Amino acid sequence: MSGSRPWGKIILFSSIALFVISWLIKAGVLSSTGGVTDISVRDAFFVTLAAFLTLAILSFLYKDNPYYKFAEHLFVGVSAAYWMCVGFWSTFVGNFIPRVSSTLSGFFGVPFKEFNVFYLIPLILGVMLLMRLSSKTGWIARWPLAFIVGTTAGLNLIRYLRSDFVNQVSNTFVPLLVEWKGIGPFFSGFSLSASGQFTLSLTNWVIFVGTFCGLVYFFFSKEHKGFYGGASRLGIWVLMVTFGASFGYTVMGRVSLLVGRLTFLFQDWLGLIS
Amino acid sequence: MNKVGLLISFGLIGAGLLWFLIRAIRGQEVERRIIFVFIGLAVAVPILFNITFSEKASPIVEAVYDKIENLSSGSKILISYDYGPSMAPEVEPMSNAFLRHSLAKGHKVYIMGLWATGQSLAGAAIENIVKKEFPEKVNGVDYVNLGYKAGNQGVLNVIITDIRKMYLTDVAGVNLDSMPIMKNVKSLRDMDLLISVGGGLPGVKEWVQFAGDPGHIPMAGGSAAVSAPLLYPYWPTQLVGLLGGIKGAAEYESELVRNYPRFAKMPQPGVKMMGPQTLAHLVIMAFIVIGNISYFIIRRRQG
Amino acid sequence: MKRQIPLAFVFAFAVIMIIQYFVPSDLSMNVNEFLLKWIYIIGIFALALGIWSLIRVSYMKIRLKKPDWGYSIITLAGLFSMFIFGFDYGRHFFSSEGLKNYMFLGFFDNILIPIQATMFALLAFFIASAAYRAFRARSILATLLLLSAMIVMLRFNPYLGPIGEYMEKTASWLLNVPNLAAKRAIIIGVGLGGVATALKVMLGIERAYLGKD
Amino acid sequence: MKLKILMLCCIMFLGAVSAGLAQGNIDTSSQTTTPTISPPASPGNLRAKDTPNDNGHSITLSWDLSSDDGSGNKSVLGYKIFRSTNRDSGFVERGVSPSGSKEYVDLGGASAEENDYMPNNSDYYYKLRAITADSMIFAEMAIFGPIQTTGQWYNTSRTLILLFVLLFTSLMVYFIVKARKGANLFVRKLAGIEAVDVAIGRATEMGKPILYVLGLGTAADIATIASFTILGRVAKKVAEYQTGLIVPCNDPIVMTVAQETVRASYLDAGRPEAYKENMVYFATSMQFPYVAAVNGTMLRELPATNIYMGKFYAESLLLAETGALAGSIQIAGTDEVAQIPFFVVACDYTLIGEELYAASAYLGREPVLLGSLKAQDYAKAAIIVLAIIGMIAANFHWNNFTEIFHITN
């Protein structure tokens, strides 16, 4: 908003004017289609607000500008408070209060369950965390941190081992010669169709070799030379092919999101399409 | 209108791309804002002017269409609604298209679901499509909604030998034996075609494994784009054909509109969604090509 | 004292959680449930710390009149108005309780949701500019990336005829076969690295997160 | 004449007979529209046992199929399971098992607050009913009981996991001890990590800050913990070079930990006075508002280098493209498989999956950390061997082997 002050002001005033006009027209349209005027005015305000914020974010594509900054800062403030409120009501009031105090439960209007001394521990740990605000007592905050990190490290250790390790390893247990009943039957049933024995076997081979080379690529303590070098190079090739394919595949989903946003602008706000 | 819009937007976008291609050959890079404008246009113009592409059905989609088309009128087709609301935008166009096609061709349609959420979606389809567009069709004679039964593929295990072991009534509680449509229908084996529309578990794969394959019943499917690649290997031996994602739906809708004048005005959500998708993909690919051209030209100049 | 006790905590609770996995009894189930609930409750206090940090950074910006300080007022305004709506407990401003407050929901539906959806939709533009910038045949790796992306994207070209069908098959093969292999290799690696890191944390070898002194 | 009378008699007789038959026909057809199902044979040999490997509150029932289930007159639709705490009365329906099934797990609630609370160590009685299409026609099996539920102290179905935990831990401890003794361990180069030092130098020359993004993970995510270690190294270098550092956080606990980490690094570098609390700040804990804030920061502060390490979701490309727009050098690392392609495309260097974990060890060059890398490599080699054995087993249908790795519970 520095260099071209007059232009900036003109744009600002015209966008405020446009906002008001849009609000009024929208309110008129909504109430004419049979709504209570009060609610129409409110709904029209919110639709217009949503539309202008959408445009403000899209303006980021041109360059960083005051409208984007406005939307961004508003977004940050509102979202931080949103999480705090949700966390307070659902976790603190919903889970914690009914276990520690009947008076507070009454105050917040949640049914008191029964006093449970174990629920005082997170309270203490939480207060310890708040000690961080003072530089003298800050080190106490490490206790709750250590509790969280320790608990979840144990949890994650098992989770990684089970779902990423054992399950994936057992998934590699596929026959390299599908439905093997000897050489004769294998070749007599030879076909190149997608569900044929030969194609399925070939697929399993490709998956095995791909996984093998990929794992070799992740060897850290071996120099990638000779056999390791070849295998790890093949491994990174497979990775790259995969990344390209995933990238290309995701385009569809992202375009759908934009379609949804533009449909909101054209349909819900401007009413250009039905 | 559609043709003119298509021509103008194609002309504009094409001319723009050509201009940047020429610039690329001169060794100039494209600024990213230009790319943004093109993507914006490629998505916005088809939405605003309702530009659609006539999708040419790929063989795997065409196979499903031909199967329903070539069955003699009065054949029995079962459509299973194996999806919920979150997946509906992608696969509902498919089940709707199957439903319309089967009824228009005069087949008897049996509707069921392996997903609890499928039952209400199927109910909505009957209200909005069957009752409005096919008022002459009679419930219990031309179509029946069997509804949802819990048990996933276990349900298939049972109804492949006897439907009445799972379903004694339809979804409204009417005894199946009182319905003309259920006469001479004992099990899934009496169906002429099974269609599962879904994308999760259970879905098309379970239908193939537990019904189509063991019962030697022709089986077709519609699936969300995410899981479609996993189903391709079943075609053409275990699946008659498959609709994958919104693109498959669009191809089927196009085929239907082309051959049935009565559907000229039917909503085509699949085709509609494909307009922005096709243009955006073309624009991105064009820019990749342009980028590579300018890259090689700059490199040759430098080196 | 300042480091030993936290490290002992980490080890003890990690071991408890691991043992808990192998013990199916009621006691073990309760331990699991309690510990995880505690983390959520501590999370609320942490969120308060976060909000405090946000307020302080914004306030410092305003007080020191740093560039763009005016926008920090908007952050604080959004924050406090959402707080007032969200903590309104049926006795102050509006008739319904906190999370069902009309303005709270209105802000959520008409500020958070549209901005969120639009930020997400920006990806449609960025995916295009990233493709233009990065998909160049600079090296073998870049070429592989480029080719496989192009093959998959060609699905959406209605004018390819028979080539399109071939491309479609290649694309689905790419997404099925090499994709599965590469993902499996990455996931096994991540699984091992994760287990190793968790062990290092447990044993106190990796402790950057505890700070010093 | 006689013949005529005979014929008349014959016709009358036939008419009577056919009328009679017709009468009979009507009767039988009315019977087929409302078929009466004959009661099925009762299922046999009801057994019950405490469900293994759980905390109790559950009984597993098994039985032999009714002879009318799938064979005989095929009238059985399924089996209803009833439970009571009393042998003679108070049986409550617990569930239905479809025809052809021989087992049912009766799962009760574990605490008194749940509806179907099933306390441990008390007596239960069961009975089983084979049901048909007609709810009035069924066959019941004798009552079984009493049986008690108990919680176990070890889940035998998880032994394989326990084995792996012990094996991997000892492997790691072994290599760490070996590394401590001074064995020289080779570690291959990681381009992304080599780039970090160069990037910090470049930032110093340009007089611009470094942006470090820890991602959306919580302090509990392993990727975030690895990222803390890398942040520690980066912060130390930054402190030595006297470059600026910006660390916007998404999670308040991550923020707290990151503040500790960065402060410690400044202390290590001998410049505690240069540490400012505001270097590490909380943006907001929602995904896209956070991205909006970080994107804004990138375009306003124009950092020389952006480092993204940790857990990332859809925002990966939003961040990386904006960073590219700002002209920053970008180094990324994540274990989130779906996001790696976007970082690979949009960043200058990307640590793929496990490389992120290796980076923290590599940066430190401490023998203990390198020892763990060695252990990981051995584990990977073991996996390859296991996979080969598994595939051979699958080929020749050695199901005993493949079943070991099939953990269901």
Side-chain angles (χ1 to χ4, degrees), chain C residues 18 21-29 39 42-43 46-54 56-57 60 67-68 112 115-117 119-120 122-123 126-127 129-131 133-135 145 183 185-190 192-201 203 205-206 208-213, chain D residues 53-56 110 151-155 158 162 165 168-169 172 219 222 225-226 228-229 232 252-253 255-257 260-261 263-264 267-268 278 281-282 284-285 288 291-292 300 314 317-318 321 324 335 337 340 342 344-346 352-354 356-358 360 368-369 372 375-376 379-380 383:
Chain C
I18 291 173
Y21 177 77
F22 297 100
V23 179
S25 78
D26 269 339
L27 175 71
S28 146
M29 294 279 182
I39 293 180
I42 298 173
L47 208 49
L49 269 186
I51 301 272
W52 171 250
S53 161
L54 180 66
R56 200 185 50 180
V57 170
M60 292 301 274
D68 289 337
L112 285 187
I115 300 187
Q116 174 129 338
M119 284 299 296
F120 208 170
L122 287 183
L123 277 171
F126 284 175
I127 210 166
S129 65
R133 195 164 48 83
F135 285 160
L145 197 69
K183 294 232 160 102
I186 297 177
I187 290 174
I188 290 177
V190 164
L192 274 178
V195 173
T197 311
L199 269 175
K200 284 189 278 183
V201 167
L203 300 174
I205 297 170
E206 189 135 346
Y209 63 92
L210 278 183
K212 276 231 163 82
D213 74 25
Chain D
N53 295 328
D54 68 353
N55 58 338
Q152 278 76 44
W153 286 99
Y154 177 67
N155 188 338
R158 291 174 174 174
L162 181 65
V165 170
F168 195 70
T169 311
M172 252 187 63
I222 302 287
I225 291 181
F228 287 138
T229 311
I253 297 180
M255 174 200 74
T256 316
V257 176
E260 283 287 321
T261 312
R263 200 156 56 99
L267 207 69
D268 254 6
N278 286 359
Y281 61 91
F282 174 76
T284 174
S285 43
F288 287 105
V291 179
R300 279 156 227 156
L317 189 65
L318 280 174
E321 267 302 282
D335 66 350
V337 182
I340 298 173
F342 302 105
V344 167
V345 167
I352 300 168
E354 197 185 358
L356 169 67
Y357 301 121
S360 64
V368 255
L369 294 175
S372 80
Q376 275 163 255
K380 264 171 279 181
I383 286 174

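Residue numbers start from 1 in every chain, and the chains themselves are labelled A, B, ... in the order their sequence lines are given, proteins ahead of strands. Just so it is clear, the model here is predicted, and its values are computed rather than measured.
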Closest non-hydrogen atoms of D:Ala314 and C:Leu123, given as atom of the first, atom of the second and distance, are O-CD1, 3.6 Å
| query | Taking side chain as C-beta onward, heavy atoms only, is D:Leu162 less than 4.5 Å from C:Tyr21? | reply | no
What one should report as the nearest heavy-atom pair of D:Trp153 and C:Pro24 is C-CD, 3.8 Å
Per-residue tally against chain C (heavy atom, under 4.5 Å) across D:Ala226, D:Ala358, D:Ala219, D:Ser372 peaks at D:Ser372
C:Ile188 side chain reached by D:Ile383 side chain, heavy atoms, under 4.5 Å: yes
Answer key: most heavy-atom pairs under 4.5 Å with chain C among D:Leu318, D:Val165, D:Thr256 is D:Leu318
- Would you mind reporting whether D:Thr284 and C:Leu54 have side-chain heavy atoms less than 4.5 Å apart? no
All heavy atoms of D:Pro252 vs all of C:Ala46, minimum pair found to be CB-O, 2.9 Å
Open item on the list: Side chains of D:Phe342 and C:Ile127, heavy atoms from C-beta outward: is any pair under 4.5 Å?
Closed with: yes
So, the part of C:Val195 with a heavy atom under 4.5 Å from chain D: the answer is both
Report yes if some heavy atom in the side chain of C:Ile186 is under 4.5 Å from a heavy atom in the side chain of D:Glu354; otherwise report no. no
Between the CG atom in D:Asp54 and the CE atom in C:Met29, the distance rounded to the nearest 0.5 Å is 7.5 Å
Rounded to the nearest 0.5 Å, the CZ atom of C:Phe120 sits from the CZ atom of D:Phe288 at a distance of 4.5 Å
Rounded to the nearest 0.5 angstrom, the OG1-NZ distance for D:Thr229 and C:Lys200 is 7.5 Å
Mind running side chain to side chain donor-acceptor pair (under 3.5 Å) on C:Ser25 and D:Gln152 for me, showing each step along the way?
CA-CA 5 Å; C:Ser25 78; D:Gln152 278 76 44; over 6 Å; no
Okay, D:Ile340 and chain C: the region with an atom under 4.5 Å from a heavy atom over there is side chain
For D:Glu321 and C:Ser129 the tightest heavy-atom approach is OE1-OG, 2.6 Å
One option among D:Thr169, D:Val344, D:Ile352 has the most heavy-atom pairs under 4.5 Å with chain C, and it is D:Thr169
Bottom line for D:Ile225: the part with an atom under 4.5 Å from chain C's heavy atoms is both
Start with the C-alpha distance between D:Tyr357 and C:Val190, add both sets of side-chain angles, then the distance that settles side chain to side chain contact (heavy atoms under 4.5 Å, CB included), and finish with yes or no.
CA-CA 8 Å; D:Tyr357 301 121; C:Val190 164; 4.1 Å; yes
Under 4.5 Å to a heavy atom of chain D? For C:Gln116 that would be both
Chain D shares the most heavy-atom pairs under 4.5 Å, among C:Ala130, C:Ala134, C:Ala185, with C:Ala130
Side chains of D:Ser285 and C:Leu47: closer than 4.5 Å at any heavy-atom pair? yes
Given D:Val345 and C:Phe135, is the side chain to side chain contact (heavy atoms under 4.5 Å, CB included) satisfied, shown in steps? CA-CA 8 Å; D:Val345 167; C:Phe135 285 160; 3.7 Å; yes
For C:Ala196 and D:Gln376, the nearest pair of non-hydrogen atoms, with its separation, is CB-OE1, 3.4 Å
Taking the side chain as everything from C-beta on, heavy atoms only, tell me whether D:Phe168 gets closer than 4.5 Å to C:Leu192.
yes
Sub-4.5 Å side-chain heavy-atom contact between D:Asn278 and C:Arg56:
yes
C:Ser28 and D:Asn55: CA distance, side-chain angles, deciding distance, side chain to side chain contact (heavy atoms under 4.5 Å, CB included) verdict: CA-CA 8 Å; C:Ser28 146; D:Asn55 58 338; over 6 Å; no
